[in-house]
Amino acid sequence: MAAQDSTQSSDAPSSDLEGMMQLRREKAERWKLLGFGAFANDTGPLHSIASITALHEADDAETLEKLKTENVAYRVAGRVMLSRGQGKLKFINLRDGSGEIQLFISKREVPDTIWTLLDEIDVGDIVRADGLVMRTKTGQLSIMVQNLKPLTKALRPIAKHDGVEDVEVRYRQRYRDLIENHDEVATRFRARSLIVQAMRDFYSQRDFMEVETPMLHPLRGGATARPFSTHHNALDVNLYLRIAPELYLKRLVVGGFDRVFEIGRSFRNEGVSVRHNPEFTMLESYQAYATYHDVMDSTEALLRDVDARLLARFAAYGENRAFTFDHFERRTMISLVREVVVEKHASIGSAWALLGGTGDYRDAQRAALADSSLSPAEHSLIKRARTAGELLFSLYELLAEPSLTTRYRTPDGTQSVPVFVMDHPLDTSPLARQMDPERQREIYGEIEVTLCDRFELFIDGRELCNAFSELNDPMDQAQRFRGQLENRKSGDDEAMDYDADYIRALEFGMPPAAGFGIGVDRLVMLLTGAKSIRDVLLFPAMRPEGAV
RNA sequence: GGGUUGUUAGCUCAAUCGGUAGAGCAGCGGACUUUUAAUCCGUUGGCUCCGGGUUCAAGUCCCGGACAACCCA
């Protein structure tokens, strides 16, 4: 080929990264010599690849031959993912946002300029092609190219298979991860988008209104967690990034929006792990004139509905599930603790009337501290309990919660069954409504712990949802806020602030209501089988990169 | 915070007891008109994560650091 003698000007090595990039820059220059821009943008209207394959996947070669004579032409654009030559033929796998199709290029069928141009097209480049649909001898649906226009030169090489595995590169350079590990990664983020859309639809269909409340908060509230701090210069005020939208959403319920929900980011200034990212997405909903039992029902409906929508589009995520949505267990926290204590920690059980023994929570606390099957760290958490409720909660977290997955399974033992854990101690739930004392007496008899109308949902070892009937008594709420301040004084830096405006809102009267929160990232992890939260966040938090 | 493991070509990975840093793919040159990770011939490419040390000799051993994964708290 005569052109090459004059154009192979580079003496850079053709194989290290800098050499490859240099060669690609030179190829971009040659696009210009052939009359094309290296970064053109006038593509005109295009057909999506998926629409073409959907339309013609059933057509046999003969039918397509006929279409060819009728000049049914298509114009597509996308990234060159694979390319192979066969003498005067060239095959290119082209991918756009909708799918992939093969381009069939014959020297006979394209202008000479285009045939020459093909030498300057690399895997990774973005091109536009015009042509007719056809089937190759082997039956592969293809576009027989009549014209080709290069659109964007990729200066960096991509791996055509064996995509990058290093998780650090995958998270930092997500664009590259999406290209090279397309099937796994792009599919999972499409699934995430669908899941969020399905949740939105679920609430919209039930007459919930979607709202957006502030992310910059003057006070810490709505959850117990360490916040990020920032400063507003013009107002000269310190602000926190929200740790939860809860208190603002309930102000809206006061204002008469009986059903609201918000999907959005919250921020917690804590460590990163496979289950934690400093910014994460929650959905919170509030429904006036409902109780936490109503919300349990709608939670089951939500999860089944969202999952059905997901599997209708991405069936593969339904295979080999570690959990089921066919059946949900509802268990009280006290019964869960009793179960475990009776089986494995009899000394604690016999020490506390609540769990079937004789004494009060201090006796149980002493028994737990003497229980040598518990680790020093577990002992220190138990030691910290200052009330019967706090001790119950600690025992639940330490003894009952870890075994939910193994304890509650389908009859054949293959899948874990979701468990609603109900009726938490009041003193660990500063925004929840106290259980009606008569009702508590009916269910539990005379017990040492004051309970509230709350549940958390656990699925396959993960806490997914948190919900309660809302506390709407302003005097009670004010007292709980004061309790939080006491906790702060005694060293709890996750305690909430006293929110006087929220109390004022409650003084105008909030209808009885139930609220609900679900971790969207964790739900996506669960439904798509992701092991790390970083696999469901497009750009997970990373330590800043050194030199690029 | 502690422990374990890892970091070698653009990508995926080798390298025995401390003894010349390799392969496949990608790239580059060539052949090929129905390929599917095409094939065939030829070929280029390395600050072995960074900094010290031991040694005639270090990807390999020692010390320190960066980053990551996993486990524990």
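To find a chain, count down the sequence lines: A is the first, B the second, and so on, and within it residues start at 1.
One finds a side-chain N or O of K160(A) lying less than 4.0 angstrom from the OP1 or OP2 phosphate oxygen of A38(B). For R135(A), no side-chain nitrogen or oxygen approaches OP1 or OP2 of U34(B) to under 4.0 Å. At A38(B), one or more side-chain N or O atoms of R84(A) fall inside 4.0 Å of OP1 or OP2 (strictly under the cut-off). Contact annotation: K107(A) does not reach the phosphate of C32(B) (side-chain N/O to OP1 or OP2, under 4.0 Å).
Rounded to the nearest Å, the gap between the P atom of G65(B) and that of G1(B) is 13 Å. Taking atom C1' in both C40(B) and C67(B), the straight-line distance is 43 Å, to the nearest Å. Across the P atoms, A58(B) and U20(B) are found 12 Å apart, a figure rounded to whole Å. Across A9(B) and A15(B), the matching P atoms stand 15 Å from one another, rounded to whole Å. Spacing between G59(B) and A73(B) at atom C1', rounded to whole Å, works out to 35 Å. Here, A26(B) and C41(B) have their P atoms 14 Å apart, quoted to the whole Å. Straight-line distance between the C1' atoms of A23(B) and G27(B): roughly 16 Å, to the nearest whole Å. Rounded to the nearest Å, the gap between the P atom of G46(B) and that of C62(B) is 29 Å.
Note on R170(A): nothing from the nucleic acid sits closer than 4.0 angstrom, heavy atoms only. Counting any heavy atom pair closer than 4.0 Å across all strands shown, K27(A) reaches sugar-phosphate atoms only and no base atom. Among the heavy atoms of the strands lying under 4.0 Å from G163(A) are primed sugar atoms or P, OP1, OP2 only; no base atom is included.
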Any chance you could list the contact pattern along nucleotides 67-73 of chain B? Use B for base contacts, S for sugar-phosphate-only contacts and - for none, protein heavy atoms under 4.0 Å, 5' to 3'. SSSS--S
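What separates CG of L23(A) from C1' of G29(B) is a distance of 12 Å, to the nearest Å. One atom, CG of N93(A), and another, P of U34(B), lie 18 Å apart when rounded to the nearest Å. In this structure, M144(A) places its CE atom 13 Å from C1' of U34(B), rounding to the nearest Å. The interatomic distance linking D122(A) (CG) with C11(B) (P) rounds to 16 Å, in whole Å. Atom C1' of nucleotide A38(B) and atom CD of Q140(A) are separated by 13 Å, given to the nearest angstrom. At whole-Å resolution of the value, CD1 in I121(A) and P in C28(B) are 12 Å apart. With rounding to whole Å, R24(A) atom CZ is found 13 Å from A26(B) atom P. Atoms CD (E18(A)) and P (A26(B)) sit 22 Å apart, rounded to a whole Å.
A heavy-atom distance below 4.5 Å is found between the side chains of D59(A) and L67(A). At a threshold of 4.5 Å between non-hydrogen side-chain atoms, the residues C465(A) and I518(A) count as touching. Side-chain contact between L82(A) and Q102(A) is absent, with no heavy-atom pair separated by less than 4.5 Å.
Closest contact between the side chain of E165(A) and the listed nucleotides U12(B), C28(B), G10(B) involves U12(B). When distances are taken from the side chain of M20(A) to each of C11(B), G27(B), U12(B), the shortest belongs to G27(B). The listed nucleotides are G10(B), C28(B), U35(B); the one nearest the side chain of L17(A) is G10(B). Minimum atom distance to the side chain of F104(A) is reached by U34(B), of the listed U34(B), A38(B), G27(B).
Two rings, from F91(A) and F104(A), have their centers less than 6.0 Å apart.
Ring geometry, F420(A) versus F455(A): the interplanar angle exceeds 60°, so the pair is classed perpendicular (tilted spans 30 to 60°). Classified by interplanar angle (parallel below 30°, tilted 30° to 60°, perpendicular above 60°), the ring pair W352(A)/Y361(A) is tilted.
Glycosidic conformation at C17(B) (O4'-C1'-N9-C4 for purines, O4'-C1'-N1-C2 for pyrimidines): syn, within 90° of 0.
Using a 4.0 Å cut-off between a side-chain N of Lys or Arg and a carboxylate O of Asp or Glu, R407(A) and E329(A) do not qualify as a salt bridge.
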How does RNA chain B look in dot-bracket notation if pairs are Watson-Crick or G-U with both distances under 3.5 Å, crossing ones as [ ], other-strand ones as |? (((((((..((((.....[..)))).(((((.......))))).....(((((..]....)))))))))))).
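Nearest heavy atoms, R534(A) versus A541(A): NH2-O, 3.4 Å.
Between the side chains of Q22(A) and R25(A), at least one donor N or O sits under 3.5 Å from an acceptor N or O. For the residue pair T43(A) and R128(A), no side-chain donor N or O sits within less than 3.5 Å of a side-chain acceptor on the partner.
Toward the 5′ end of RNA chain B lies the nearest nucleotide of I158(A), the other residue of the pair T136(A) and I158(A) mapping further downstream. Nearest-nucleotide positions on RNA chain B place G87(A) closer to the 5' end than the other of Q102(A) and G87(A).
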Please evaluate residues T224(A) and E494(A) with respect to the criterion side chain to side chain donor-acceptor pair (under 3.5 Å), reporting the C-alpha separation (whole Å), side-chain torsions for both, the decisive distance (0.1 Å), and the verdict. CA-CA 5 Å; T224(A) 48; E494(A) 296 189 343; 4.7 Å; no
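The distance from the CZ atom of R220(A) to the CG atom of D497(A) is 4.0 Å, given to the nearest 0.5 Å.
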